[in-house]
Number of protein chains: 2
Amino acid sequence: MNNQTTYSISELATEFDLTTRSIRFYEDQGLLSPQRRGQTRIYSRQDRVRLKLIMRGKRLGFSLAEIRELFSLWDETASGSEKQLRLLLDKIAEKRAELDQQLKDIAMVQLELDSAEARCREALNDLTGQKQQISADS
Amino acid sequence: MNNQTTYSISELATEFDLTTRSIRFYEDQGLLSPQRRGQTRIYSRQDRVRLKLIMRGKRLGFSLAEIRELFSLWDETASGSEKQLRLLLDKIAEKRAELDQQLKDIAMVQLELDSAEARCREALNDLTGQKQQISADS
DNA sequence: AGCCAGCTTTACGTTTACGTAAACTTTAAC
DNA sequence: GTTAAAGTTTACGTAAACGTAAAGCTGGCT
């Protein structure tokens with residue numbers, strides 16, 4: 001069922017757990033451009049991949065505009081002039097730096113969660129009269 | 001100069017590169033609660049740490065509401081009942097899962113950037129008549 | 001005393017990313 | 001062939017995160 005060659009809008013909406021409204025909105029913003037059969041949108045496997053990328057970007061806190069920019073990066077790689085290509089490399093480096101920053105940020109927040117969890121378990125232990133040992137972490 | 005014990009709103013605004021409007025807005029949203037000298041806000045080192053945490057959260061795409069929730073996690077760890085504490089542990093686990101997902105997402109996007117960069121360099125090489133070798137990555 | 005820079009509140013405006021409703025067409029099922 | 005389900009456009013509404021402008025206090029300098 002996953003090897004379909006085309007998808008309807010509601011199939012994709014169900015699969016990615018979003019509304020058809022959102023999918024159409026992404027099209028409005030130039031992130032998707034599905035085929036049409038009459039009025040009806042027909043999504044290809046490529047379109048589906050795009051949607052997956054969109055969701056990924058959103059989970060990383062990218063705006064739709066930024067995601068569109070990333071798509072352009074990808075699409076224009078083949079067709080650019082030299083100046084264009086060097087510009088793209090710059091932008092790629094830029095995005096890479098952002099991701100590196102995010103990795104650092106995640107590490108810090110993880111430490112904070114560790115700390116909060118430790119305090120939490122300690123407080124619990126105090127409450128329950130330390131009958132149970134500290135539970136092993138996965 | 002970094003070892004100040006208090007800060008004015010514009011000092012913090014300058015340091016973190018945001019507007020005083022934003023800082024006051026964060027206070028509105030319950031993320032900060034600086035002292036006052038008369039009308040004027042006086043920020044402590046703790047407040048500054050909070051601001052740093054806010055910026056971190058934002059870079060990870062967290063909403064202000066989510067950040068406030070994380071603050072609550074941290075603050076209420078000491079004072080909760082057992083049920084409360086277990087709930088907090090659940091929320092911590094939840095946030096941890098989100099971060100794990102983000103790590104995966106970042107890894108994927110990095111791969112995509114790798115791919116885009118490779119295509120880009122290839123195209124450049126083709127254009128320049130491969131006089132130069134592939135430049136070494138840092 | 002006068003003034004300016006920096007602080008304050010109040011309040012309306014703006015952008016992003018959709019939600020929601022209305023009104024209409026098209027496709028699949030019975 | 002009609003009816004229900006799923007699709008479409010158009011358009012107004014909304015929550016979040018500020019921007020921006022107005023109008024007023026306030027502490028220090030000259």
Side-chain angles (χ1 to χ4, degrees), chain A residues 1 4-44 47-48 50-72 98 102 105, chain B residues 1 4-44 47-48 50-72 98 102 105:
Chain A
M1 293 229 176
Q4 283 179 293
T5 169
T6 65
Y7 309 85
S8 76
I9 192 168
S10 51
E11 278 175 338
L12 290 183
T14 302
E15 178 175 357
F16 292 101
D17 191 32
L18 34 79
T19 64
T20 60
R21 174 69 175 92
S22 298
I23 296 180
R24 291 196 196 94
F25 183 74
Y26 298 154
E27 184 175 347
D28 262 23
Q29 303 304 302
L31 299 180
L32 292 171
S33 34
Q35 299 294 112
R36 299 268 182 151
R37 193 178 57 196
Q39 292 240 91
T40 305
R41 280 163 251 251
I42 307 285
Y43 296 88
S44 67
D47 291 323
R48 197 189 131 184
R50 285 246 172 178
L51 240 186
K52 197 173 292 190
L53 293 175
I54 293 172
M55 301 309 282
R56 205 156 23 233
K58 295 211 70 192
R59 283 194 302 268
L60 293 179
F62 291 4
S63 72
L64 295 184
E66 287 171 321
I67 294 172
R68 185 177 48 205
E69 214 195 328
L70 282 172
F71 283 171
S72 302
E98 279 181 44
Q102 289 204 358
D105 288 332
Chain B
M1 295 225 174
Q4 284 179 292
T5 168
T6 65
Y7 310 85
S8 77
I9 192 168
S10 50
E11 278 175 338
L12 290 182
T14 303
E15 177 174 358
F16 291 103
D17 191 33
L18 34 81
T19 65
T20 59
R21 174 69 174 90
S22 298
I23 297 181
R24 291 197 195 95
F25 183 73
Y26 298 155
E27 183 176 346
D28 262 22
Q29 303 304 301
L31 299 179
L32 291 171
S33 34
Q35 298 296 109
R36 299 269 180 152
R37 193 179 57 197
Q39 291 238 91
T40 305
R41 280 163 251 250
I42 307 286
Y43 295 87
S44 68
D47 291 325
R48 196 187 133 187
R50 285 247 171 177
L51 240 187
K52 198 174 289 190
L53 293 175
I54 292 172
M55 301 309 281
R56 209 165 9 241
K58 295 211 70 189
R59 283 196 300 270
L60 293 178
F62 290 4
S63 71
L64 296 184
E66 287 170 321
I67 295 172
R68 186 177 46 204
E69 215 196 326
L70 283 171
F71 284 172
S72 302
E98 279 180 44
Q102 289 204 357
D105 288 331

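Minimum interatomic distance between A:I42 and A:D47 (heavy atoms only, all atoms of both residues): O-OD2, 4.0 Å.
In this structure, B:L12 places its CG atom 10 Å from P of C:dC7, rounding to the nearest Å. Straight-line distance from the CD atom of A:E27 to the C1' atom of D:dG7: 13 Å, rounded to whole Å. Computed from coordinates, the B:R24 CZ to C:dT9 P distance equals 7 Å when rounded to whole Å. Computed from coordinates, the A:D28 CG to D:dT9 C1' distance equals 10 Å when rounded to whole Å. Rounded to a whole Å, the CG atom of B:L18 is 8 Å from the P atom of D:dC18. Atom pair B:I54:CD1 and D:dA16:P shows a separation of 16 Å (rounding to whole Å applied). The CD1-C1' distance, from B:I42 to D:dT26, rounds to 13 Å in whole Å. Taking atom CZ of residue B:R59 and atom C1' of nucleotide D:dA17, one finds them 17 Å apart after rounding to whole Å.
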Summarise protein proximity over nucleotides 11-30 of chain C in one line of letters, 5' to 3': B for base, S for sugar-phosphate only, - for none, counting protein heavy atoms closer than 4.0 Å.
B-----BBBB----------
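Listed by first and then second residue, the salt bridge (charged side-chain N to carboxylate O under 4.0 Å, His left out) pairs involving residues 24-40 of chain B are B:E27-B:R36, B:E27-B:R41 (not counting sequence neighbours).
A:S8 comes within 4.0 angstrom of sugar-phosphate atoms only, judged by non-hydrogen atoms across all strands, and of no base.
For B:I9, the listed nucleotide lying nearest its side chain is C:dC7; candidates were C:dT9, C:dC7, D:dT9.
Checking A:Y7 against A:R48 by side-chain atom types alone, a donor-acceptor pair falls below 3.5 Å.
A distance-only check finds a donor-acceptor pair linking the side chain of B:T14 to the backbone of B:S10 [under 3.5 Å].
Look at B:R41 and you won't find any side-chain N or O under 4.0 angstrom from OP1 or OP2 of C:dC7.
Rounding to the nearest 0.5 Å gives a distance of 13.0 Å between OH of B:Y43 and CZ of B:R50.
Residues A:L31 and A:F71 meet the side-chain proximity criterion, which asks for heavy atoms closer than 4.5 Å.
A search for side chain to side chain donor-acceptor pair (under 3.5 Å) contacts involving A:T6 returns nothing, not counting sequence neighbours.
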